[in-house]
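Atom set for the values below is all heavy atoms of this structure, side chains included, hydrogens, waters and symmetry mates excluded. Since the structure is predicted, the reported quantities are computational estimates derived from the model, not experimental observations. Letters go in sequence order (proteins before strands), and every chain restarts at 1.
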Amino acid sequence: MLKEELASCLRQAVLKAQQEGVLAAAALPEVLVEHPQNPEHGDFASGLPLRMARAMRMAPMVIAEKVSEHIVPPPKVDRVWVAPPGFINFTLRGDWLSTEVESILAAGESYGDTELGKGKRVQVEFVSVNPTGPLHVGHGRGAVLGSTLANVLTASGYGVEKEYYINDMGNQIATFGRSLYARYQQCLGRETEVPSDGYHGGYMIDLAKEIVQEQGDRFLSLPESDGASQLGEVGVARMLRGIKQDLELLNVVFDIWFSESSLHQGGQYNKAMELLQSGGYVVEKANATWFESSALGEDKDNVLVRSDGSPTYFASDIAYHYNKFLERKFDQVINIWGADHQGHVPRMKAVLRALGCDPEQLKVIICQLVTLRRGEEVVKVSKRSGDIVTLKEVIEEVGPDACRFIFLSRSADSQMDFDIELAKRQSAENPVYYVQYAHARIASILRLAEQRDIDYSRGDVSLLATEPELTLIRRLILLPEIVERVAVTLEPHHLPYYAQDLATVFHSFYKQCRVVSDDEPLTKARLKLVRASQIALAKTLRLMGMSTPEKM
RNA sequence: GUCCCUGUAGCUCAGCUGGACAGAGCGGCUGCCUUCUAAGCAGCGGGUCGAGGGUUCGAAUCCCUCCAGGGACUCCA
């Protein structure tokens with residue numbers, strides 16, 4: 001990539017200057033090359049002289065001068081110059097930029113892909129919501145984040161598997177079964193109450209009704225506990241189906257739906273516990289079995305098996321990660337959790353150490369909670385109590401593309417208000433449509449070219465030399481950098497910002513440069529540029545899991 | 001009480017591995033449709049970067065204290 005090329009260029013210049021004794025000997029700091037925000041400062045810039053000033057005991061401007069004198073720039077660089085207080089700036093040659101259009105056309109849909117991952121296997125586990133209720137907006141955020149990351153990592157040369165972990169056993173499931181059984185009985189005319197700690201949402205009534213309709217009263221004759229567990233199973237299966245459908249509305253699809261209970265049936269649970277035991281991390285106290293995480297630097301221990309003999313969620317999670325790392329041998333695992341799971345990160349890392357894995361192999365992305373609101377009114381989203389606004393309702397109201405874009409536009413670290421009113425009200429002036437409109441516009445130009453039978457395959461890109469054209473190309477060649485940045489930082493929010501920037505630059509180009517005109521050679525050259533723009537924009541939209549409309 | 005995230009323009013947010021005048025969208029105000037989509041373009045206005053200290057030639061960015069909002073500290077998940 002260009003940045004690295006220039007960085008090594010700078011490194012060599014410094015070394016050469018030092019060998020000649022023009023620059024003081026000093027260790028070279030990391031050479032950072034960046035895009036200046038002000039275009040007058042060139043396409044690339046480095047503040048290297050500023051960083052070296054102290055160690056060399058020389059003025060930054062002097063260092064900058066000496067270094068720049070020793071730079072042997074690659075042919076694609078047009079100009080290297082020094083600017084106060086000590087920057088070295090680079091500009092790219094216009095004719096080199098224009099030939100990049102050909103590279104983009106040649107790359108086609110693979111434009112933006114990199115080999116960063118070198119085929120390493122990465123698992124992205126996300127959503128993984130208990131199948132005890134429908135998804136709400138907060139889950140949508142994790143879903144969009146995870147699926148986008150998976151897209152980007154795939155484009156970056158990783159072997160990616162997207163997985164949903166199903167908590168299909170334990171307390172919550174039992175409570176769900178009892179609640180559903182109560183609703184079921186009520187539905188069939190029996191007097192009974194939903195347990196106070198149960199699921200009171202209206203969706204449980206609908207679910208009970210559906211099951212009555214489909215399977216009649218056959219669970220009624222069972223003993224209470226059997227009825228609850230069997231009905232619970234039926235209910236979980238139905239909830240999962242619904243969750244899957246809702247996610248598909250958002251363009252989120254999983255490779256694997258992994259069952260928690262399978263870890264107990266398949267032996268992973270026992271194996272993981274034995275491994276911890278043999279490592280000496282397991283202790284019995286107060287009638288329960290504990291993971292001695294305090295021995296690994298944690299502030300407290302955690303229960304694995306309760307005094308009633310039932311395993312905790314944490315124990316299953318250990319078995320799950322045992323399976324991820326030791327059985328399926330993923331090189332890297334990315335878990336996307338809500339902020340309410342923040343505190344579990346350190347103990348999970350401790351587990352990895354206890355299992356003999358490198359904690360660095362596990363990356364946990366904590367995404368902050370989403371507050372749903374309609375204007376001033378805050379909408380509660382608790383599953384346990386009362387009615388909720390489901391993700392499905394929000395998607396239907398706002399639209400999947402807008403939902404995805406809104407979720408992606410904020411970094412996972414910042415909590416967000418999802419204002420349905422705002423999301424809808426904005427729709428005319430929404431950045432989502434602004435970006436998609438640029439794509440539709442491009443499509444419309446290319447349609448016109450097709451109608452007029454213009455074959456631009458031999459267009460001469462060297463004719464692309466005006467400022468709006470070159471500015472557009474500069475944005476186009478940024479895409480691989482953006483993709484790589486997202487893959488490295490695991491921060492997909494850079495994508496929507498790039499998309500918007502690219503759209504802005506395209507719209508501006510469109511205004512200033514007539515594409516299909518009487519000037520045949522120029523028309524063909526510009527059509528190539530337009531097509532390259534489409535490739536970059538469509539790629540960005542696809543990475544974000546959004547549609548690429550041909551018309552709007 | 002301890003730990004984590006956040007606090008930047010009226011609103012929603014980027015920027016935060018320290019560097020060139022602090023950015024975008026929305027909203028407000030001005031202009032621009034005989035030519036490929038005006039869901040567009042060009043421009044204007046708008047900021048004590050939560051507060052106070054510190055480190056540095058240089059701090060929105062690093063350190064400390066405080067304030068505010070959210071989350072976590074369950075033999076819940």
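No hydrogens or angles were tested; on distance alone, nothing pairs the side chain of Q37(A) with the base of G15(B) as donor and acceptor under 3.5 Å. At a cut-off of 3.5 angstrom, counting only N and O atoms as typed in the model, there is a donor on one side and an acceptor on the other between the side-chain of S307(A) and the base of C75(B). Checked by distance alone, N38(A) brings no side-chain donor or acceptor within 3.5 Å of a matching partner on the base of A22(B). Residue side chain H507(A) does not reach the base of A39(B) through any donor-acceptor N/O pair under 3.5 Å, judged by distance alone.
Remark: of the listed residues F258(A), Y269(A), Y313(A), F258(A) is the sole one forming a ring pair (Phe, Tyr, Trp, His ring centres under 6.0 Å) with Y320(A).
Using a 4.0 Å heavy-atom cutoff across all strands shown, S411(A) reaches sugar-phosphate atoms only and no base atom. Among the heavy atoms of the strands lying under 4.0 Å from Q500(A) are primed sugar atoms or P, OP1, OP2 only; no base atom is included. Within 4.0 Å (heavy atoms only), N89(A) reaches at least one base atom of the nucleic acid. Using a 4.0 Å heavy-atom cutoff across all strands shown, A438(A) reaches no nucleic acid atom at all.
Glycosidic conformation, C4(B): anti, with the torsion outside 90° of 0.
G27(B) makes up no base pair with any nucleotide shown, lacking Watson-Crick or G-U wobble contacts both under 3.5 Å.
In this structure, Y497(A) and H493(A) have perpendicular ring planes: the angle between them is above 60°, well past the 30° mark.
Position along RNA chain B of the nearest nucleotide to S508(A) versus M169(A) favours S508(A) as the more 5'-ward residue. For the pair G343(A) and R441(A), both in contact range of RNA chain B, the more 5′-proximal nearest nucleotide belongs to R441(A).
The two atoms that bring P85(A) and P60(A) nearest to each other are O-CB, 3.3 Å, heavy atoms only.
Judged by ring centres under 5.5 Å apart and planes tilted less than 30 degrees, H341(A) fails to stack against the six-membered base ring of A72(B).
A cation-pi arrangement is not found for R441(A) relative to F506(A), the charged atom failing to lie both closer than 6.0 Å to the ring centre and inside a 45° cone about the ring normal.
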